[in-house]
Amino acid sequence: MDEKERITKAAALMSIATFLSRITGYIKDMILAKVFGASGVTDTFFVAFRIPNLLRELFAEGSISAAFVPVFTECLTKEGKEEAKRLASIVFTFLLLTLTIITLLGILFAPYVVSLIAPGFMKDAEKFSLTIKLAKIMFPFLFFISLAALAMGILNSLKAFFIPALAPMFLNLSIIACVFTIAPQFSQPLLAIALGVTIGGALQFGVQIPSLIRQGIDFKPILSFSHPALRKMLTLLMPAIAGMGVAQINIFLSTIFVSYLPDGFATYLYYAMRLIHFPIGIFGVAMAMAVLPTLSRYAVKGDMDSLRDTLSFSLSLLFFITIPAMAGLIALGKPIVNVLFQRGEFTYEATLGTAYALLFYSAGLWAFVGARVTASVFYSTQDTKTPMKVAGLSILTNIIFSIILMGPLKHGGLALANAIGSMVNFIALFWILRKRLRRIDGRKILKSFAKISFASSLMALMGWMITKGDIWCAPEGCTLWMESGRIIEKAGILGGVIVICIAIYLLIMHFMKSEELKYLIKMYRERKSKS
């Protein structure tokens with residue numbers, strides 16, 4: 001099996017596991033939407049959850065992977081598995097102590113953190129107080145999820161991808177269980193949901209322990225904070241926090257701005273971003289995590305030709321999958337939100353608000369995923385400073401456009417500013433990388449990007465025309481995507497339209513002689529012949 005096939009297989013495994021996690025995530029969101037709707041009260045939960053979730057992205061899944069995986073891979077390659085196991089225990093001990101302190105400080109200073117992230121809530125004492133309570137309950141989530149991220153980084157470096165990608169599913173299952181078991185016992189049910197978040201974080205770490213044991217990793221308390229590899233990791237960590245967490249920082253900024261908008265707007269942004277995270281998680285993050293160990297090995301060996309080829313291949317394959325997903329979300333946003341969320345307390349007005357934000361978020365999807373993979377090249381060479389500097393430019397762009405667009409476009413302007421910031425992030429990273437590596441098949445990637453965009457646009461237009469047509473309309477008027485209920489019927493229609501759109505896209509790409517499609521067909525035929 002060549003390296004490209006190995007990366008594709010690893011990304012596919014992670015995509016399957018992430019898909020299962022995202023599906024349970026949507027079930028969780030559907031339940032929360034039905035039970036709680038979109039209001040000022042739900043705004044408190046989603047804003048409070050932004051705090052540990054932001055720190056998770058900054059200190060956990062993004063930065064720990066970016067700083068730890070290249071250093072661990074280098075140690076594994078040069079010094080062997082025993083020394084790599086010892087390094088894992090040293091990092092685990094360091095994180096255990098550090099995270100305990102951060103978590104305790106977070107709980108203690110929760111009122112100040114909430115006033116920073118949602119200053120608009122301070123004018124409503126009840127709303128502000130509830131947000132603080134929720135934040136305190138959920139802060140330990142950061143502790144557990146950071147340990148889970150370390151476990152994921154170790155397992156991915158050892159080429160074990162499925163269980164780490166599946167682990168987030170247990171967070172969703174924990175929240176769902178709390179909705180139906182302990183939430184009815186609370187005077188404020190959202191407090192029980194916050195407890196479910198923390199329990200889910202613990203489960204996310206716990207389910208990876210058996211896989212670590214099978215790989216021979218048994219965390220032991222080793223106080224060796226002067227270890228060269230740990231120092232190198234910490235040197236890489238702080239810039240990685242800014243570079244890898246740029247998306248979450250931009251969301252954090254949107255949360256500050258949206259706290260000044262009417263009730264429900266923060267909830268609209270949350271659900272829209274949840275839909276965007278589906279393709280980002282399944283394709284973008286999966287590809288970035290799958291390709292990082294390979295890029296790190298090439299960087300350690302100094303094989304820049306293979307590194308360039310791997311980047312070009314990964315980006316082209318990623319765009320082949322995510323650009324049509326972006327076009328589909330833009331064209332079918334309202335039906336998707338209606339089917340997934342519009343029931344119970346989640347009204348048609350909430351559907352329109354969420355679909356409106358989704359439209360603008362979707363415009364930057366290709367940049368969201370492209371930046372994850374492009375940044376991985378910098379992290380594989382243990383350069384975290386460049387992504388950090390570019391992140392600063394992206395964040396500044398987001399702030400400027402948020403201020404400009406928030407007035408005329410409301411929460412949609414915040415979503416669009418976020419998308420523009422992501423575009424700046426990806427384009428700047430790609431440009432710098434092109435200068436540094438001298439060539440990265442830029443023309444080939446651009447040509448492929450143009451083909452994919454053309455085919456995706458035609459596909460999306462067809463999907464939009466089908467769902468907007470009068471074939472689903474009652475004689476008194478077309479209300480299918482306005483009303484609640486008829487979920488099975490609407491899900492069947494939407495699913496059929498999506499299948500038709502995928503078929504149209506693949507057919508167009510076949511006629512346009514897509515290299516990515518040819519590669520996937522070839523890989524499928526080879527696997528089928530072997531079986």
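For this chain, numbers begin at 1 and follow the sequence in order.
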Mind checking the CD1-CG spacing from I27 to L173? Nearest 0.5 Å is all I need.
8.5 Å
Can you tell me how the ring of W366 sits relative to the ring of F449, calling it parallel under 30°, perpendicular over 60° and tilted otherwise?
perpendicular
Could you check if a side-chain atom of T374 sits within less than 4.5 angstrom of a side-chain atom of L315, using non-hydrogen atoms only?
yes
Looking at R486 and E483, would you say the former's side chain and the latter's main chain have a donor-acceptor pair under 3.5 Å?
no
Is any side-chain heavy atom of I432 less than 4.5 Å from a side-chain heavy atom of T386?
yes
What closest approach, in Å, do M509 and A455 show between heavy atoms, and which atom pair accounts for it?
SD-CB, 3.5 Å
Would you find more than 12 non-hydrogen atoms of other residues, nucleotides or ligands less than 6.0 Å from M462 atom CE?
no
To the nearest 0.5 Å, what is the distance between NE2 (H411) and CG (L269)?
6.0 Å
Using only atom types and a distance under 3.5 Å, with no angle test, would you say the side chain of Q342 pairs donor to acceptor with the backbone of M482?
yes
Backbone N/O of W464 and side chain of T467: donor-acceptor pair under 3.5 Å
yes
Check this for me: R434, atom CZ, are more than 12 non-hydrogen atoms of other residues, nucleotides or ligands nearer than 6.0 Å?
no
Between K334 and Y348, a side-chain donor and acceptor under 3.5 Å
yes
Heavy-atom pair of closest approach, residues L332 and G463:
CD2-O, 3.6 Å
Mind checking whether F346 and K34 have side chains closer than 4.5 Å, heavy atoms only?
no
Parallel, tilted or perpendicular for F426 and F430, by the 30°/60° rule?
tilted
Hey, would you say the F320 and Y505 ring centroids sit under 6.0 Å apart?
yes
For the pair V35 and E345, evaluate side-chain contact (heavy atoms from CB on, under 4.5 Å) and give the outcome as yes or no after the intermediate values.
CA-CA 6 Å; V35 175; E345 296 297 316; over 6 Å; no
Would you find a donor on one side and an acceptor on the other, under 3.5 Å apart, between the side chain of S457 and the backbone of S453?
yes
Determine whether Y361 and L329 make a side-chain contact, defined as any pair of heavy atoms from C-beta on separated by less than 4.5 Å.
no
Please walk me through it: do M169 and I23 pass side-chain contact (heavy atoms from CB on, under 4.5 Å)?
CA-CA 8 Å; M169 181 175 72; I23 288 297; over 6 Å; no
I'd like to check L275 versus F341 (side-chain heavy atoms, cut-off strictly below 4.5 Å). Are they in contact?
yes
Nearest 0.5 angstrom please: S448 OG to E516 CD, how far?
3.5 Å
Which heavy-atom pair separates A151 from L212 by the least distance, and what is that distance?
CB-CD1, 3.8 Å
Show, in sequence, the C-alpha distance, side-chain angles and deciding distance for K410 and Y268, and conclude whether the side chain to side chain donor-acceptor pair (under 3.5 Å) test is met.
CA-CA 11 Å; K410 305 299 181 187; Y268 301 156; over 6 Å; no
Applying side-chain contact (heavy atoms from CB on, under 4.5 Å) to I466 and I493, what does each step give before you reach the verdict?
CA-CA 10 Å; I466 294 173; I493 292 171; over 6 Å; no
CG of N172 to NZ of K28, rounded to nearest 0.5 Å, is 4.5 Å
Where is the tightest heavy-atom contact between S422 and S394, given as atom of each residue plus distance?
N-OG, 4.1 Å
List the steps and the verdict of side-chain contact (heavy atoms from CB on, under 4.5 Å) for V197 and S174.
CA-CA 7 Å; V197 170; S174 174; over 6 Å; no
Considering residues, nucleotides and ligands other than K389, do more than 12 of their heavy atoms fall under 6.0 Å from its NZ?
no
d(L32 CG, Y271 OH) to nearest 0.5 Å is 5.0 Å
Taking the side chain from Q204 and the backbone from F170, do they hold a donor-acceptor pair closer than 3.5 Å?
no
Looking only at heavy atoms, what is the nearest atom pair of P387 and L429, with distance?
CA-CD2, 3.9 Å
Side chains of F401 and L416 in contact at under 4.5 Å (non-hydrogen atoms):
no
Taking atom OG of S456 and atom CE of M326, what is their separation to the nearest 0.5 Å?
7.0 Å
Side chains of I508 and L458 in contact at under 4.5 Å (non-hydrogen atoms)
yes
When you measure from the side chain of S402 to the backbone of A417, do you find a donor-acceptor pair of N or O atoms at a distance under 3.5 Å?
no
What pair of heavy atoms forms the shortest contact from I330 to S362, and how long is it?
CG1-CB, 3.5 Å
So, do I154 and Q215 sit near enough that their side-chain heavy atoms are less than 4.5 Å apart?
no
Give me the one residue out of N338, V339, V499 that meets side chain to side chain contact (heavy atoms under 4.5 Å, CB included) with L494.
V339
Just by distance, do the side chain of N398 and the backbone of N418 share a donor-acceptor pair under 3.5 Å?
yes
